[in-house]
2 protein chains.
Amino acid sequence: MTSPSVPAGAAVPVRIRTMESSSTTGGSTRREATRQKLYEAAVTLIAEQGFSATTVDEIAERAGVAKGTVYYNFASKSVLFEELLRHGVGLLTASLREAAERTAREGGSRVDALDAMVRAGLVFIDRYPAFTQLYVAELWRTNRAWQSTLMVVRQQAVAVVEGVLREGVENGEFSDEIDVQLTAAALVGMVLVAALDWKSFQPERSLDDVHSALSRLLQGRVSGKG
Amino acid sequence: MTSPSVPAGAAVPVRIRTMESSSTTGGSTRREATRQKLYEAAVTLIAEQGFSATTVDEIAERAGVAKGTVYYNFASKSVLFEELLRHGVGLLTASLREAAERTAREGGSRVDALDAMVRAGLVFIDRYPAFTQLYVAELWRTNRAWQSTLMVVRQQAVAVVEGVLREGVENGEFSDEIDVQLTAAALVGMVLVAALDWKSFQPERSLDDVHSALSRLLQGRVSGKG
DNA sequence: ATTTTTGAACTGACTGGTCAGTGCAAAAAC
DNA sequence: GTTTTTGCACTGACCAGTCAGTTCAAAAAT
C-alpha cells in the first residue's frame, strides 16, 4: 500500500451541480456526470489525434478520472467512441429538426427552412467543433468497427435535409429535377466545409457573418452585381 | 516457410527508358516504381483505417515489398505520408488549374470555369477516391506532425478556386458582396461531400449525372419548376 | 449497505524503426 | 570476352517500447 491517495498534481475533484438530473437513461446522476466528462475528454483528444492515436490513459487523465473508471463505465474504447458518436449526432439531428419545424410553424418557405437548418448547423459546429472534426474524419472510412453506427447516424441527420427538399419539390417550390439525395449531401458539405474552414482559419468571424455568406450562395445570389 | 530469395510474384525489373532518366532527383526508375507502389498501398490502407491504425508492415505487404524497403525509400512512416499528400494534392491542383485555364482559353465565363472545376474535382475524386477520403479525414485535425504540409497544400488547391471567384468579382460577373474565401471553401465542400457520398452510397451513378446535379445547384437553378 | 471510483500492477500482443546481410546489373579490370 | 568489383535497392529477423484491457483491494460517495 505504498501509494498515497492524492498523487502530486492530481486535480481536486470539484463537484459541480448541473441541472440535468436524471430520467433519460435511468442511470444515476453521478455516473452520468462521469460519462459526460469522459465524452468531453475523448471528443477533443480524438478530434486532435484520431481514434487509434488516442490512448485510454490520455482520455482518463484529461477527464480527471482513473483508468479503471473508464472501463467501469464503458465496455471498451470502441464502445465509448460509438456511444459518443450516437450522443453527438443525436444533438445535431434534434437541432436540425427543431429548426425545420420552427420555420414551418412560423409559416416560412422551404428555402427559409433550409436557411434555418444551415444556421442550426453552424451553431452546432460553433459549439462542438471537435465533435464535427472527429465525425468528418471518420464518416467516409471503410472497414471500421463502428461503420454501421456511423451510417445509421448519418442517415438520421441527412434525412432531415432530404425531407425538407422533398417537401419543397412536392409543393412546387423546388424544381422537380433536383436530385434530392445528392443535393442534400452537397448542402451538408457546403456548411460543413465552410464552417470547418471558419473555425480553423478565420475563427474571429461572427456566426452571422458566415451565415449570411452561405445564405447568399444557397439562394443563388452570387452572379450579378450586389 | 522462410521466403526464397525470389518471392513469388516479385516484379521482374524491366528497365524502361523514360525521358526522365537522370538529373531532377537522380532517382532510378526501379526506385521510383517502388515508391509508386508504396504510395498506392499506403493511400488505400490509410483511407480505410486512418494513419495510426495502419502499420508499416501492412503497407509493405500490400505493396509487395519488404518492410525494410519502406525505410529505404522513406525516412519514416510520417514522411511517407507527407510525400503522399504532396503528390496527390499536386495532381488535383494541376487538374483544377488546367480546367480553369482551358475554359478561359475557350472564351467561357467564370461560371463556366467554376463548372469546369467542379467537373475536374469530380473526375479527380472518381479516379482517386481513397486519396480524397484520406485527405478529408486529416485536413482539420490539429496537433499533428504534418499539419503544416496540409495547410500549404490545401491553400494551393483552394487558391485556384478563389482566383476564379476574385476574377469574376472584378469583372462584375459575380456580386462584389460575396465572401471569396468562404465561398470557395463552401464550393469545395459541396463537391467534396457530394462526391464522397456518390462514391460511398450510389457508386453506380455516372459522373455526368452527378455533375449535372451539382451544376444545377451551383447555378441556382433549384427554386421554381423544372 | 450499496454503488461507484480509485490507482497501481500486470499481461500479452503489437509496432515503428534498425541493421547486417543478399541479389544483381552495370562498370571496371583483365 | 571473361572475370571481378561496385554499390544501389531490397530483405526480414529482431528489438525496445507502447497500449488496450484486466484485476482487485481499498476508499469514497450516496
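Basis for what follows: all heavy atoms, side chains included, without hydrogens, waters or symmetry-related copies.
- Closest to the Ala66(B) side chain, of the nucleotides dT22(D), dG12(D), dG17(C), is dG12(D).
- Rounded to an integer number of Å, the gap from Glu32(A) CD to dT3(C) P is 17 Å.
- For Val56(A), the side-chain atoms get nearest to dA20(D) when compared with the rest of dA20(D), dG16(C), dT6(C).
- Side-chain proximity of Thr34(A) to the nucleotides dT5(C), dG17(C), dA20(D) is greatest for dT5(C).
- Side-chain contact between Arg119(B) and Asp115(B): absent, with no pair of heavy atoms (C-beta onward) separated by less than 4.5 Å.
- Put simply, the side chain of Leu114(B) reaches to within 4.5 Å of the side chain of Leu165(B), judged on heavy atoms.
- A straight line from CZ of Arg31(B) to P of dA25(C) spans 19 Å, rounded to a whole angstrom.
- Residue Lys67(A) places a side-chain atom within donor-acceptor reach of the base of dG21(D), judged by atom type and a 3.5 Å distance cut-off alone.
- Separating the CD atom of Gln49(A) from the P atom of dA20(D) is a distance of 11 Å, rounded to the nearest angstrom.
- In the set dT18(C), dC19(D), dT11(D), dC19(D) carries the atom at the smallest distance from any side-chain atom of Thr55(A).
- Side chain of Tyr72(B), nearest nucleotide from dC10(D), dT22(D), dT4(C): dC10(D).
- The separation between Lys37(A) atom NZ and dT4(C) atom C1' is 12 Å, rounded to whole Å.
- Ring planes of Phe124(A) and Phe131(A): perpendicular class, angle over 60° (limits at 30 and 60°).
- At whole-Å resolution of the value, CG in Leu38(B) and C1' in dC10(D) are 11 Å apart.
- Side-chain proximity of Ser76(B) to the nucleotides dT6(C), dG17(C), dG16(C) is greatest for dG17(C).
- One atom, CG of Asn73(A), and another, P of dT6(C), lie 9 Å apart when rounded to the nearest Å.
- With rounding to whole Å, Arg35(B) atom CZ is found 15 Å from dC8(D) atom P.
- Residue contacts for Thr54(A): at a heavy-atom cut-off of 4.0 Å it reaches the sugar-phosphate backbone alone, with no base atom in range.
- Ring-plane geometry between Phe51(B) and Phe81(B) is classed as tilted, the angle between the planes lying from 30 to 60 degrees on a 0 to 90 degree scale.
- Nucleotide dT18(C) holds its C1' atom 18 Å from the CZ atom of Phe74(B), rounded to whole Å.
- Judged purely by distance below 3.5 Å, without hydrogens or angles, the side chains of Glu32(B) and Gln36(B) never pair a donor atom with an acceptor atom.
- Base engagement by Thr69(B) is indicated by at least one non-hydrogen atom pair under 4.0 Å involving a base atom.
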